[in-house]
Amino acid sequence: MLACALATTMVIAADGNLTFKSSEQETQYHRLIEEFRCPKCQNANLAGSDAPIAQDLKQKTYELVQNGRTDQEIRDFMVTRYGEFISYKPPIKPSTWLLWFTPPMLLALGLMGWLLRARQRQGVSTAPLSSEESWRLKQLLDGSSVNPQTPQQNDQEQPHGR
C-alpha cells in the first residue's frame, strides 16, 4: 500500500517529466488527457486539473499508453469505470442523440423561421396610395383634425364661390 502511494506521488510530481517509448505514445497520452474530463472539476479536462483523481487518471492513462493500448481501448476502459461523463466527445448513439442533434436542429429551425419571415416581408404590398389615402395622410401631417369624410364629400360641403 505504501509502495502504491509512493508510486502515485512520484508520478504526480513527475507529470511533466514522463518518459515515453516513442513520440506517438506521448502524442497519444496528451491527446487522451485533453479529451477526458476530470470527474471532480467542472469544465476541466485531465490535463488542466490538479485534483487528486485527475492525477490518478493521468497515471492510469500513462500506464495504458505504455502497455500499447489503442485509443479506443483506453476510452472503453475509462467509460467502463466512469461512464460517458468522462469523455468530452461522447459517441453518437440513441442516448446522446439529444446532445449531438439539438444544436443543428435549433439552427435549422432558426434559419427556416428567418426565411419565412423574410418571405412574408416581401409579400407586403407597396402599392401607391389612393387619392383618399393621400388626402387623409396630408390631413394627418398638416396637424389638422381629421374629418372622416372623404375629399369628395368635403368638396361638396364647401361653400361655392371660393
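Since the model is a prediction, treat every value here as computed from it, not as a measurement. Basis for what follows: all heavy atoms, side chains included, without hydrogens, waters or symmetry-related copies.
In this structure the side chain of Leu115 never reaches within 4.5 angstrom of the side chain of Met112, judged on heavy atoms. Side-chain atoms of Tyr29 and Lys58, non-hydrogen and from C-beta on, do get closer than 4.5 Å to each other. Taking the side chain as every heavy atom from C-beta outward, Glu73 and Thr70 approach each other to under 4.5 Å. Side-chain contact check for Ile33 versus Asn45: every heavy-atom pair is 4.5 Å or farther apart. Glu84 places a side-chain heavy atom less than 4.5 Å from the side chain of Pro91.
No more than 12 heavy atoms of other residues, nucleotides or ligands lie within 6.0 Å of CZ in Arg69, so this atom counts as exposed by the packing criterion.
Here Arg31 does not pair with Glu35 in a salt bridge; the nearest charged N to carboxylate O distance is not below 4.0 Å. Salt-bridge annotation for Lys60 and Glu63: present, with a side-chain N of the basic residue lying under 4.0 Å from a carboxylate O of the acidic one.
One hydrophobic cluster, built from ILVMFWY side chains closer than 4.5 Å, holds both Trp100 and Trp97. By the criterion of side-chain heavy atoms lying less than 4.5 angstrom apart, applied directly or through intervening Ile, Leu, Val, Met, Phe, Trp or Tyr residues, Phe85 is not grouped with Ile74; the two fall into different hydrophobic clusters.
Atom OG of Ser131 sits about 11.0 Å away from atom CZ of Arg136, to the nearest 0.5 Å. Between the CZ atom of Phe101 and the CG atom of Leu99 there is a distance of 10.0 Å, given to the nearest 0.5 Å. Within the model, atoms CG of Asn43 and OG of Ser49 stand 11.5 Å from one another, a figure rounded to the nearest 0.5 Å.
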Item checked: Evaluation steps, side-chain hydrogen bond (donor to acceptor under 3.5 Å, both in side chains), between Asp71 and Gln28 -> CA-CA 7 Å; Asp71 287 357; Gln28 179 187 19; 2.7 Å; yes
Note to self: Could you go through Ile53 and Lys40, starting from their C-alpha distance and side-chain angles, then the distance that decides it, and tell me whether this counts as side chain to side chain contact (heavy atoms under 4.5 Å, CB included)?
What the structure shows: CA-CA 7 Å; Ile53 192 167; Lys40 185 173 182 177; 3.9 Å; yes
Check: Hey, mind stepping through Leu46 and Arg37 against side chain to side chain contact (heavy atoms under 4.5 Å, CB included) and telling me if it holds?
Finding: CA-CA 6 Å; Leu46 293 181; Arg37 180 190 320 253; over 6 Å; no
Margin query: Let's go through Leu141 and Lys138 carefully: what are the C-alpha distance in whole Å and the side-chain angles of both, what is the deciding distance for side chain to side chain contact (heavy atoms under 4.5 Å, CB included) to 0.1 Å, and is it a yes or a no?
Written below: CA-CA 5 Å; Leu141 293 175; Lys138 185 175 185 247; 5.9 Å; no
Next item on the list: For the pair Leu57 and Ile86, evaluate side chain to side chain contact (heavy atoms under 4.5 Å, CB included) and give the outcome as yes or no after the intermediate values.
Entry: CA-CA 10 Å; Leu57 291 176; Ile86 196 74; 3.9 Å; yes
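When atom types are taken as modelled, the side chain of Glu133 and the backbone of Leu129 share no donor-acceptor pair closer than 3.5 angstrom.
The side-chain tip of Arg75 does not point at the ring of Phe77 from less than 6.0 angstrom away and within 45° of straight on.
The two residues Met78 and Thr61 make their nearest non-hydrogen contact at CE-OG1, 3.2 Å.
Taking the ring centroids of Phe20 and Tyr62, they lie under the 6.0 Å cut-off.
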